[in-house]
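Below: the structure, in structure tokens.
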Number of protein chains: 2
Amino acid sequence: MPARQTSKPQISKPQTSKPRARRQTPEARPYHHGDLRRVLIDAALQLAAEGAEVSVREAARRAAVSPGAPFRHFPNRDALMAAVAEEAQRRFRAEIEAALAEAPSADPLARFRAFGIAYVRWAMRYPAHFEIISTGRYFAHGSSAELTRDNDELVALTERMLAEAAEQGLLRSTDLKRILIAGRALIYGFARMNLDGHFPRWGVAEAEVERLAEGVIDLFIAGIGKS
Amino acid sequence: MPARQTSKPQISKPQTSKPRARRQTPEARPYHHGDLRRVLIDAALQLAAEGAEVSVREAARRAAVSPGAPFRHFPNRDALMAAVAEEAQRRFRAEIEAALAEAPSADPLARFRAFGIAYVRWAMRYPAHFEIISTGRYFAHGSSAELTRDNDELVALTERMLAEAAEQGLLRSTDLKRILIAGRALIYGFARMNLDGHFPRWGVAEAEVERLAEGVIDLFIAGIGKS
DNA sequence: CTCGAAATGTAATCGATGATTACATAATGG
DNA sequence: CCATTATGTAATCATCGATTACATTTCGAG
């Protein structure tokens with residue numbers, strides 16, 4: 001994958017076509033490139049999805065733009081990564097909520113189960129994106145209000161499910177915080193074990209993972225349930 | 001932290017003292033530096049502990065050696081990281097086993113508890129080291145036989161504890177694999193949530209973490225236990 | 001409509017990094 | 001004692017994130 005031509009003359013871009021690019025939304029945007037910011041985020045997102053290192057230069061390259069251009073839209077690499085994380089988190093949350101929309105609203109523990117399964121599935125399907133939103137290793141996590149908000153709402157979601165379960169007398173223990181953290185640790189830990197490549201060492205085959213996730217979550221729910 | 005002088009004349013090293021450095025072990029080692037390999041690993045380990053980026057050059061700098069020297073001992077950066085991981089894993093395993101040596105050998109679930117707590121504590125105390133040995137993001141995890149072996153033995157350790165618990169009729173379920181993975185996911189997930197900075201978002205204070213870990217593990221054990 | 005200010009992109013450059021190479025030197029062992 | 005070999009140095013490359021000076025396009029006020 002290395003050995004990328006560095007002396008490529010950059011094509012110099014004839015710039016003849018592209019008539020005008022009238023704006024369509026009330027928010028106005030189109031400048032030179034059209035919407036470099038958006039394109040850069042998508043490029044970075046795809047870069048991550050490909051398992052490649054996400055570099056500002058490579059994103060710029062894919063947007064057919066000079067290496068300095070991205071810095072007009074992001075003060076530094078971390079800011080780009082934060083934007084990428086926001087986008088990923090938005091998609092993540094949307095998928096979780098879609099899964100919950102199909103779950104029986106009456107049974108809080110069934111909803112918890114659906115949440116956990118959707119969580120693990122998304123992490124399996126978009127490992128690089130999950131990595132970005134979950135570790136804060138690529139940028140300062142608190143730097144994005146949107147990210148924090150999205151995350152907090154997901155936390156509140158599971159909190160409500162457990163509170164409801166407690167109200168309905170479904171739980172053995174009343175220490176909701178402990179149950180909440182344990183449940184999340186289980187789900188997060190399972191997703192990460194898969195992501196971090198632990199499962200081969202545990203004799204768990206790729207095809208088995210999803211079913212195992214269900215089993216593990218069921219075990220947990222049975223453990224906290226009454227009787 | 002940047003702006004490090006690049007034109008530093010490197011001191012040219014008088015090299016007068018250091019009489020001979022007779023070898024002591026049957027394995028022979030002392031060449032020029034003494035034991036650059038060892039020193040580089042320690043430097044990298046400390047670099048990680050300081051939260052800094054681990055770079056080959058910086059490790060070389062700390063060993064007072066030229067930037068190319070490390071490559072005589074490691075074919076590339078990843079190989080250095082693998083050696084660092086081996087060292088970290090060795091220490092990790094030693095601490096886990098020390099903790100288990102103090103646990104009651106008769107009660108397998110108590111041993112499991114002790115294992116989990118020691119695991120989380122080590123991860124809290126040496127976050128960068130834990131990160132290195134647990135993610136495989138810094139090098140190809142399967143590339144080190146020693147690392148694989150150490151890890152497998154830790155897996156086998158918990159496996160045995162659960163098998164014993166099952167023999168003594170302490171468990172509700174007979175699906176040991178499921179319980180094993182769930183337990184590990186819980187412990188690993190908890191450690192990672194702490195490492196990845198999730199807990200502030202969950203309203204968990206730093207000082208609270210260790211006690212919460214115990215609670216969460218107890219909750220799990222109660223969940224899988226009979227009655 | 002026009003023209004200047006602001007937004008956006010380019011080109012060149014900097015220091016740092018991982019990696020490779022040619023060369024120097026010190027240790028080992030026949 | 002000396003040649004082989006292990007070890008380290010110096011120089012060099014390409015890539016990266018970042019900054020700066022400069023060019024060009026867009027927009028809006030008059």
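Naming convention: chains lettered A, B, ... in sequence-line order (proteins, then strands); numbering from 1 in each chain.
Distances from the side chain of A:Val65 to the nucleotides C:dT10, D:dA18, D:dG8 place C:dT10 closest. Among the nucleotides C:dT17, C:dG9, C:dG18, the one closest to the side chain of B:Phe71 is C:dG18.
Phosphate contact (OP1/OP2 of D:dG8, side-chain N/O of B:Arg72, threshold under 4.0 Å): absent. Between B:His73 and D:dA6 there is no side-chain N or O to OP1 or OP2 distance below 4.0 Å. The side chain of B:Ser66 places no N or O atom within less than 4.0 Å of a non-bridging phosphate oxygen (OP1 or OP2) of D:dA10.
Between B:Phe92 and B:Phe130, the ring planes lie perpendicular to each other; the angle is over 60°, past the 30° to 60° tilted range. The aromatic rings of B:Phe190 and B:Phe199 sit tilted relative to each other, their planes meeting at an angle between 30° and 60°. Classified by interplanar angle (parallel below 30°, tilted 30° to 60°, perpendicular above 60°), the ring pair B:His129/B:Trp122 is tilted.
Rounded to whole angstrom, the span from the CG atom of A:Asp78 across to the P atom of D:dC16 amounts to 17 Å. At whole-Å resolution of the value, CG in B:Leu36 and C1' in C:dT25 are 15 Å apart. The separation between B:Glu58 atom CD and C:dA16 atom P is 11 Å, rounded to whole Å. One atom, CZ of A:Arg37, and another, C1' of C:dG9, lie 17 Å apart when rounded to the nearest Å. A straight line from CZ of B:Arg57 to C1' of C:dA19 spans 9 Å, rounded to a whole angstrom. Between A:Asp35 atom CG and C:dT8 atom P there is a gap of 10 Å when expressed in whole angstrom units. Summarising the geometry, the separation between CZ on B:Arg61 and C1' on C:dG18 is reported as 12 Å, rounded to the nearest angstrom. Across the protein-nucleic acid pair, A:Asn76 atom CG and C:dG15 atom C1' stand 17 Å apart, rounded to whole Å.
Ion pairing between A:Arg184 and A:Glu159 fails under the 4.0 Å rule for side-chain N and carboxylate O.
Among the heavy atoms of the strands lying under 4.0 Å from A:Arg77 are primed sugar atoms or P, OP1, OP2 only; no base atom is included.
The closest side-chain heavy-atom distance from B:Tyr126 to B:Glu131 is not below 4.5 Å.
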